[in-house]
Asker: 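Submitted below is the structure of interest, expressed as structure tokens.
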Amino acid sequence: MTEENKAEEKKSLNFLEEIVEADLAAGKYKTIMTRFPPEPNGYLHIGHASSICLNFGLSLKYGGGTNLRFDDTNPVTEETEYVEGIKKDIRWLGFDWANEFYASDYFEQLYAYAVKLIKKGRAYVDDSSSEEIAEQKGTPTQPGHRNRYAERTVEENLQLFEEMRNGKYADGEKVLRAKIDMSAPNMIMRDPILYRIKKAHHHRTGDQWAIYPMYDFAHGQSDSIEQITHSICTMEFVPHREVYDWLIRELEIYPSHQYEFARRNLSHTLTSKRKLLQLVTEKYVSGWDDPRMPTIAGLRRRGYTPESIRDYCERIGVGKRDNLVDAGVLEFCAREHLNKIALRRMVVFDPLKVVITNYAGTGEQLHSENNPEDPAGGSRTITFSNELYIERDDFMEDAPKKYFRLAPGKQVRLKSAYIIQCDEVIKNAEGDIVQLNCSYFANSKSGEDTSGISVKGTLHWVNARDCFSIQVNEYDRLFTAEDPANAEGEFTDYINEHSLRVVANALAEPALKKAGPEERFQFLRKGYFTLDPGSTPEQMIFNRTVTLKDSWARAGK
RNA sequence: UGACCCAUGGUGUAACGGUAGCACUACUGAUUUUGGUUCAGUCAGUUAAGGUUCGAAUCCUUAUGGGUCAACCA
């Protein structure tokens with residue numbers, strides 16, 4: 001039966017896995033090679049996570065390897081600083097690359113490829129301005145036309161191209177173009193630019209080069225040099241595949257193949273580098289690692305686990321159609337994993353004092369499980385006394401019928417402690433409730449309850465005599481619109497005003513003092529939290545990863 | 001109005017000419033010392049019209065809808 005299920009599951013492959021399996025079955029390859037090719041000009045985000053999981057996942061599943069290749073062909077936007085961040089993020093997600101490569105490693109080889117193309121009469125140096133090139137390119141409905149530079153001889157082109165390399169010409173003065181077809185229906189095929197002059201300092205090659213290859217003349221060739229079998233990219237590169245294949249054919253080099261999938265989009269956020277940068281520079285968020293950012297760094301700081309992100313990528317699958325995955329899926333994955341690993345702790349966000357009027361002792365020690373989902377997780381000691389705090393929300397003077405929490409004359413269980421009953425509500429001169437006088441049932445102690453009282457509600461609480469103050473950052477979705485990048489008006493119009501609510505003085509049980517970085521907690525009935533890197537022992541700061549599901553709050557609406 | 005890509009419940013994804021399934025969401029109910037978890041269940045789908053076929057989500061045609069392409073970005 002399990003065999004049957006296994007067989008059934010095995011059948012359900014995504015289309016990329018099907019391609020790989022077919023290639024393997026046909027004996028086209030013995031092992032596969034993929035690559036993850038980030039441009040080092042920004043931080044990795046949740047969309048990249050999908051691509052990472054796809055590429056690394058494939059080589060892990062079918063044998064082979066995945067190269068990390070920095071696509072650093074544009075020196076003006078790229079920086080080494082990003083390289084380190086990207087590597088850290090990939091490792092954190094749990095993947096190891098077979099090789100660390102840079103497109104810039106291949107500049108000399110790429111140059112030789114270009115020379116070969118020129119010699120074949122398949123490339124020429126064009127002196128036109130970018131405006132002229134654009135104009136000559138035609139439009140989607142009208143063919144383009146060649147200019148006189150396309151008539152240059154091989155010798156002339158060879159000399160000009162070498163001079164371009166040697167820095168004889170200024171930026172923009174000349175380009176090298178492939179000679180393909182100016183009337184091709186695919187605009188990308190209308191003599192695409194292969195090299196442009198950029199007298200800029202490159203983060204790795206320094207000032208060695210005055211010319212840099214374009215994406216179309218670097219990516220596929222790098223794939224080929226590395227003998228990548230399956231080069232996976234997003235759908236916007238579909239039209240480029242024709243050039244990709246054309247160049248491999250003309251250059252007579254290792255035939256890598258490009259396959260495209262639809263970029264995964266997450267609701268209530270955006271992944272455009274420009275817009276993400278704007279959020280940072282215009283201070284809508286505190287930085288690239290702000291816990292509300294969809295960057296890997298942001299998700300990490302928010303408390304997401306690598307496991308939950310990988311699970312998310314697995315669940316949403318991969319296809320070729322436009323999509324917008326509901327943020328609820330990512331949140332579900334976080335809860336799913338966190339529920340299993342998070343240590344339970346009690347924290348009162350908005351304290352209301354409770355005095356147990358019939359509690360005689362000075363206090364006592366009680367025990368509470370660290371995680372009911374994990375029997376091996378053990379328990380911790382908590383203390384009880386006659387002065388406690390409960391959540392202000394957990395008391396109502398005029399409670400509706402289905403309210404399971406505390407109300408005058410009503411009884412509730414204090415988690416891992418006693419059942420109490422509210423006898424008296426104390427108010428100040430303004431009429432605000434400042435204290436509840438309650439009585440407890442001595443024989444209702446958790447684990448040894450003989451009171452026979454049954455209550456519907458269980459509240460979290462802290463002991464006023466040993467609790468301590470912490471700051472809690474309650475994060476929520478950054479945008480109110482499902483698809484802020486495509487909503488009417490500016491995306492900044494849809495920023496969620498309540499995406500961060502700071503609770504400056506929440507009261508926590510003593511066990512939380514030992515919290516360390518990367519440790520995950522569930523604050524009972526509140527949600528999942530993790531220590532912020534900016535936290536200090538004197539002022540602990542916790543970030544909310546995600547709330548617990550709350551069917552009571554939902555029913556209230 | 002050129003070329004290309006895509007179209008399955010609210011969302012994401014399976015079914016490879018033969019019973020439209022899974023997950024998320026939503027809603028019921030049970031359990032519960034977290035209104036959490038867990039468990040059981042319910043609602044809900046093949047863009048349309050033709051054609052091929054014993055049989056079409058699947059193949060063909062057309063239409064419709066969405067997306068991409070006219071950067072010296074990747």
Side-chain angles (χ1 to χ4, degrees), chain A residues 8-9 11-14 18 37-39 41 71-74 76-78 126 128-130 133-135 137-144 171-177 184-190 193-198 211-212 214-216 218-219 233-242 260 262 264 267 273 315-326 328-333 335-336 339-340 344 346 368-369 372-373 402-405 412-417 419 444 446-447 449 455-460 482 522-527 547-555:
Chain A
E8 202 108 1
E9 272 178 52
K11 256 191 189 169
S12 186
L13 303 171
N14 67 47
E18 282 183 3
E39 185 186 9
N41 70 346
D71 231 332
D72 56 351
T73 57
N74 187 356
V76 296
T77 58
E78 295 150 5
D126 192 330
S128 308
S129 67
S130 71
I133 288 178
E135 186 269 319
K137 201 151 201 167
T139 69
T141 51
Q142 286 184 313
D171 285 17
E173 216 176 311
K174 287 179 166 47
V175 291
L176 181 75
R177 302 177 73 177
N186 178 357
M187 300 282 296
I188 308 288
M189 292 291 277
R190 322 245 260 227
I193 293 171
L194 269 20
Y195 268 94
R196 76 283 213 191
I197 299 169
K198 263 187 204 287
I211 55 172
Y212 292 92
M214 296 286 289
Y215 168 86
D216 282 318
H219 201 101
C233 62
T234 46
M235 294 292 282
E236 61 262 37
F237 292 99
V238 169
H240 292 260
R241 191 177 58 226
E242 214 178 333
E260 311 86 9
R264 323 300 312 176
S267 81
K273 266 177 201 169
R315 275 170 192 274
I316 62 177
V318 60
K320 281 164 126 33
R321 52 185 142 145
D322 291 343
N323 59 80
L324 186 60
V325 181
D326 196 282
V329 179
L330 218 207
E331 293 168 356
F332 169 84
C333 293
R335 290 189 186 105
E336 176 100 332
N339 177 47
K340 292 193 180 75
R344 311 295 133 121
M346 293 199 281
S368 192
E369 72 277 9
E373 302 298 314
K402 301 268 261 188
Y403 191 75
F404 299 156
R405 282 109 101 142
V412 293
R413 154 88 50 197
L414 294 180
K415 173 69 182 174
S416 298
I419 291 172
S444 68
S446 223
D449 184 357
V455 293
K456 292 286 264 186
T458 299
L459 308 185
H460 63 281
E482 270 207 321
Q522 182 194 109
F523 293 173
L524 237 59
R525 303 207 300 139
K526 284 295 187 181
T547 60
L548 254 24
K549 279 215 308 200
D550 189 348
S551 52
W552 168 247
R554 197 182 304 126

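Chain letters run A, B, ... following the sequence lines, proteins first, then strands; residues in each count from 1.
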Asker: Go through B/A26, B/G2, B/G35 for me and flag the one nearest to the A/Pro185 side chain.
Answerer: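 Nearest to the side chain of A/Pro185 among the choices is B/G2.
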
Asker: Which part of the nucleic acid, if any, lies within reach of A/Leu524 when heavy atoms closer than 4.0 Å are counted: base, sugar-phosphate only, or nothing?
Answerer: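 Base: the residue A/Leu524, judged by heavy atoms under 4.0 Å, touches a nucleobase.
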
Asker: Checking only heavy atoms, does the side chain of A/Arg335 share a donor-acceptor pair with the base of B/U37 at less than 3.5 Å?
Answerer: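 For A/Arg335, whose side chain was compared with the base of B/U37, there is no donor-acceptor pair (under 3.5 Å).
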
Asker: For A/Glu236 versus A/His240, what's the shortest heavy-atom pair and its separation?
Answerer: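 Here A/Glu236 and A/His240 meet closest at O-CD2, 3.8 Å.
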
Asker: Using the C1' atoms only, state how far B/A3 lies from B/A44, rounded to an integer number of Å.
Answerer: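 Pairwise C1' distance, B/A44 against B/A3, rounds to 38 Å.
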
Asker: Kindly give the heavy-atom pair with the smallest separation between A/Ile316 and A/Arg264, and that separation in Å.
Answerer: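 Where A/Ile316 meets A/Arg264 most closely, the heavy atoms are O-NH2, 3.2 Å.
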
Asker: What does A/Tyr403 touch in the nucleic acid at a heavy-atom separation under 4.0 angstrom: a base, only the sugar-phosphate, or nothing?
Answerer: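 Base contact - A/Tyr403 has a heavy atom under 4.0 Å of at least one base atom.
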
Asker: For a quick test of reading the model, state the closest non-hydrogen atom pair linking A/Glu39 to A/Asn74 and the distance between them.
Answerer: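 Between these two residues, the closest heavy atoms are OE2-CB, 4.1 Å.
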
Asker: Does B/C73 have OP1 or OP2 sitting under 4.0 Å from an N or O in the side chain of A/Arg196?
Answerer: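 Yes.
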
Asker: Go ahead and name the base partner of B/C43; Watson-Crick or wobble counts if both distances stay under 3.5 Å, otherwise write none.
Answerer: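 Pair assignment: B/C43 / none.
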
Asker: Could you check whether A/Lys415 pairs with A/Glu369 (Lys NZ or Arg NE/NH1/NH2 to Asp/Glu carboxylate O, under 4.0 Å)?
Answerer: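 Result for this pair is yes, salt bridge flagged.
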
Asker: Out of B/G12, B/C72, B/C5, which nucleotide sits closest to the side chain of A/Ile193?
Answerer: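 Nearest to the side chain of A/Ile193 among the choices is B/C72.
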
Asker: What integer number of Å spans the P atoms of B/C22 and B/C39?
Answerer: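 My reading of the P atoms in B/C22 and B/C39 gives 15 Å.
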
Asker: Please determine, for the side chain of A/His240, which listed nucleotide (B/G35, B/A74, B/U37) has the closest atom?
Answerer: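 Nearest to the side-chain atoms of A/His240, counting from C-beta on, is B/A74.
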
Asker: Base, sugar-phosphate or nothing for A/Ser368? Non-hydrogen atoms, less than 4.0 Å.
Answerer: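 No contact.
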
Asker: Over how many whole Å does the gap from A/Arg264 atom CZ to B/C24 atom C1' extend?
Answerer: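 Answer to the nearest Å: 13 Å.
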
Asker: Hey, are A/Lys198 and A/Asp171 close enough for a salt bridge, meaning a charged N less than 4.0 Å from a carboxylate O?
Answerer: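 No salt bridge links A/Lys198 with A/Asp171.
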
Asker: Look at the side chain of A/Arg525 against the base of B/U34 and say whether a donor-acceptor pair falls under 3.5 Å; ignore hydrogens and angles.
Answerer: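 No pair found.
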
Asker: For the pair made of CG in A/Asp326 and C1' in B/U13, what is the distance, rounded to whole Å?
Answerer: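 About 15 Å, once rounded to whole Å.
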
Asker: Confirm from the modelled atom types if A/Glu482 and B/G10 form a donor-acceptor pair under 3.5 Å, side chain to base only.
Answerer: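 Absent.
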
Asker: Which is true for A/Lys549 with a 4.0 Å heavy-atom rule: it touches a base, it touches only sugar-phosphate, or it touches nothing?
Answerer: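 Sugar-phosphate contact only - A/Lys549 comes under 4.0 Å of backbone atoms but never of a base.
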
Asker: Mind calculating the distance between CG (A/Asn339) and P (B/U32) to the nearest angstrom?
Answerer: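 In whole Å, B/U32 P lies 18 Å from A/Asn339 CG.
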
Asker: Is the closest side-chain donor-acceptor distance between A/Asn186 and A/Glu242 under 3.5 Å?
Answerer: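 Yes, side-chain donor-acceptor contact under 3.5 Å.
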
Asker: Heavy atoms from C-beta onward define the side chain here; which of B/G12, B/U33, B/C72 lies closest to that of A/Met214?
Answerer: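 Nearest to the side chain of A/Met214 among the choices is B/C72.
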
Asker: If you look at every strand shown and take non-hydrogen atoms under 4.0 Å, does A/Pro37 touch a base, only sugar-phosphate, or nothing?
Answerer: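 The residue A/Pro37 makes no contact with any strand.
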
Asker: Can you find a donor-acceptor pair, distance only, under 3.5 Å between A/Gln522 side chain and B/U34 base?
Answerer: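 Looking at the base of B/U34, it does pair with a donor or acceptor on the side chain of A/Gln522 (distance under 3.5 Å).
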
Asker: Of all the nucleotides listed (B/A74, B/C6, B/A70), which has the minimum atom distance to the side chain of A/Lys320?
Answerer: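 The listed nucleotide nearest to A/Lys320's side chain is B/C6.
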
Asker: Using 4.0 Å as the upper bound for N to carboxylate O, is an ion pair formed by A/Arg315 and A/Glu336?
Answerer: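 Looking at A/Glu336 and A/Arg315, the cut-off is met.
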
Asker: Using the side-chain heavy atoms of A/Leu548, tell me which of these nucleotides is nearest: B/C5, B/U34, B/C24.
Answerer: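 My answer, after comparing the listed nucleotides, is B/U34.
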
Asker: Send over the distance from A/Glu236 CD to B/U68 P, rounded to a whole Å.
Answerer: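 Distance, rounded to whole Å: 9 Å.
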
Asker: Look through every strand shown and name the nucleotide pairing with B/U38 as Watson-Crick or G-U wobble, where both distances are under 3.5 Å.
Answerer: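 B/U38 is paired with B/A30.
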
Asker: Rounded to the nearest angstrom, tell me the gap between atom CD1 in A/Ile188 and atom P in B/A74.
Answerer: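 Rounding to the nearest Å, CD1 of A/Ile188 and P of B/A74 are 12 Å apart.
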
Asker: By the 4.0 Å heavy-atom rule, please label A/Tyr195 as base, sugar-phosphate, or nothing.
Answerer: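 Since no nucleic acid heavy atom lies under 4.0 Å of A/Tyr195, the category is nothing.
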
Asker: Using purine N1 to pyrimidine N3 plus N6-O4 or O6-N4 for Watson-Crick, or N1-O2 and O6-N3 for G-U wobble, each under 3.5 Å, what pairs with B/G65?
Answerer: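 Pairing partner, where one exists within any strand: B/C6.
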
Asker: Round to a whole Å and report the spacing from NZ of A/Lys198 to C1' of B/C73.
Answerer: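 After rounding, the reported distance stands at 8 Å.
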
Asker: Taking everything shown except A/Lys320 itself, do over 12 heavy atoms lie less than 6.0 Å from its NZ?
Answerer: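 Yes, NZ of A/Lys320 has more than 12 neighbouring heavy atoms, counting only those of other groups under 6.0 Å.
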
Asker: Heavy atoms from C-beta onward define the side chain here; which of B/A70, B/U38, B/A74 lies closest to that of A/Glu336?
Answerer: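 Per side-chain heavy atoms of A/Glu336, the pick is B/U38.
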
Asker: Given the C1' atoms of B/G36 and B/U47, what is the spacing between them in whole Å?
Answerer: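 These two C1' atoms come out 41 Å apart once rounded.
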
Asker: Which heavy-atom pair separates A/Pro239 from A/Ile188 by the least distance, and what is that distance?
Answerer: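 That closest heavy-atom pairing would be CB-CG1, 3.8 Å.
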
Asker: Stacking check: are the rings of A/Tyr215 and B/A74 less than 5.5 Å apart at their centres and under 30 degrees in tilt?
Answerer: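 By the stated criterion, A/Tyr215 and B/A74 do not stack.
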
Asker: State plainly whether the residues A/Arg525 and A/Asp550 are in salt-bridge range, i.e. N to O under 4.0 Å.
Answerer: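 Here A/Arg525 does not pair with A/Asp550 in a salt bridge, since their nearest N and O are not under 4.0 Å apart.
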
Asker: Taking any strand in view, what nucleotide pairs with B/C22 in a Watson-Crick or G-U wobble way, both distances under 3.5 Å?
Answerer: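 Partner of B/C22: B/G12.
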
Asker: Taking for each residue the nucleotide of RNA chain B with the nearest heavy atom, is it A/Arg315 or A/Lys526 whose nucleotide lies nearer the 5' end?
Answerer: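 The residue mapped nearer the 5' terminus is A/Arg315.
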
Asker: Please determine, for B/U58, whether a Watson-Crick or G-U wobble partner exists with both distances under 3.5 Å, and give it or none.
Answerer: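 Base partner found: none.
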
Asker: From B/A14, B/A71, B/U34, pick the nucleotide closest to the side chain of A/Asn14?
Answerer: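 Of all the options, the side chain of A/Asn14 is nearest to B/A14.
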
Asker: Which nucleotide, B/U37, B/G66, B/U34, lies nearest any side-chain atom of A/Asp322?
Answerer: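 Given the options B/U37, B/G66, B/U34, the side chain of A/Asp322 is closest to B/G66.
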
Asker: Side chain of A/Met187 only, please: which of B/G2, B/C72, B/U33 is the nearest?
Answerer: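 My answer, after comparing the listed nucleotides, is B/G2.
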
Asker: If you look at every strand shown and take non-hydrogen atoms under 4.0 Å, does A/Leu324 touch a base, only sugar-phosphate, or nothing?
Answerer: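 It contacts sugar-phosphate atoms only.
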
Asker: What integer number of Å spans the P atoms of B/U58 and B/U25?
Answerer: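 B/U58 and B/U25 have their P atoms separated by 31 Å.
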
Asker: Report the residue (A/Val238 or A/Asn323) whose heavy-atom-nearest nucleotide on RNA chain B is the more 5′ of the two.
Answerer: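 So the residue in question is A/Val238.
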
Asker: On the nucleotide B/G67, are OP1 or OP2 found under 4.0 Å from the side-chain N or O atoms that A/Arg321 carries?
Answerer: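 So the side chain of A/Arg321 is outside the cut-off, no N or O lying under 4.0 Å from OP1 or OP2 of B/G67.
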
Asker: To the nearest angstrom, how far is A/Phe332 atom CZ from B/U37 atom P?
Answerer: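 Rounded to whole Å, this separation is 9 Å.
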
Asker: Atom CD of A/Glu373 and atom P of B/C39: how far apart are they, to the nearest Å?
Answerer: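 Rounded to whole Å, this separation is 10 Å.
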
Asker: Please confirm whether the shortest side-chain N or O distance from A/Ser129 to OP1 or OP2 of B/C72 is below 4.0 Å.
Answerer: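 Indeed not, no polar side-chain atom of A/Ser129 lies that close.
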
Asker: Tell whether A/Arg405 reaches the base of B/G35 with its side chain through a donor-acceptor pair below 3.5 angstrom.
Answerer: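 By the distance-only test, yes, there is a pair.
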
Asker: For B/C73, which nucleotide in any strand shown is its Watson-Crick or wobble partner with both distances under 3.5 Å?
Answerer: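 In the structure as shown, B/C73 has no Watson-Crick or wobble partner.
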
Asker: Which part of the nucleic acid does A/Ser551 contact within heavy-atom distance under 4.0 Å: base, sugar-phosphate only, or nothing?
Answerer: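 Here A/Ser551 touches the backbone only, sparing every base.
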
Asker: Remember a base hit wins even if backbone is also touched, and classify A/Gly144 as base, sugar-phosphate or nothing at under 4.0 Å, heavy atoms.
Answerer: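 If one applies the 4.0 Å heavy-atom cut-off, A/Gly144 turns out to touch nothing in the nucleic acid.
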
Asker: With sugar-phosphate meaning primed atoms plus P, OP1 and OP2, does A/Val318 contact a base, only sugar-phosphate, or nothing at under 4.0 Å between heavy atoms?
Answerer: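 Result for A/Val318 = sugar-phosphate.
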
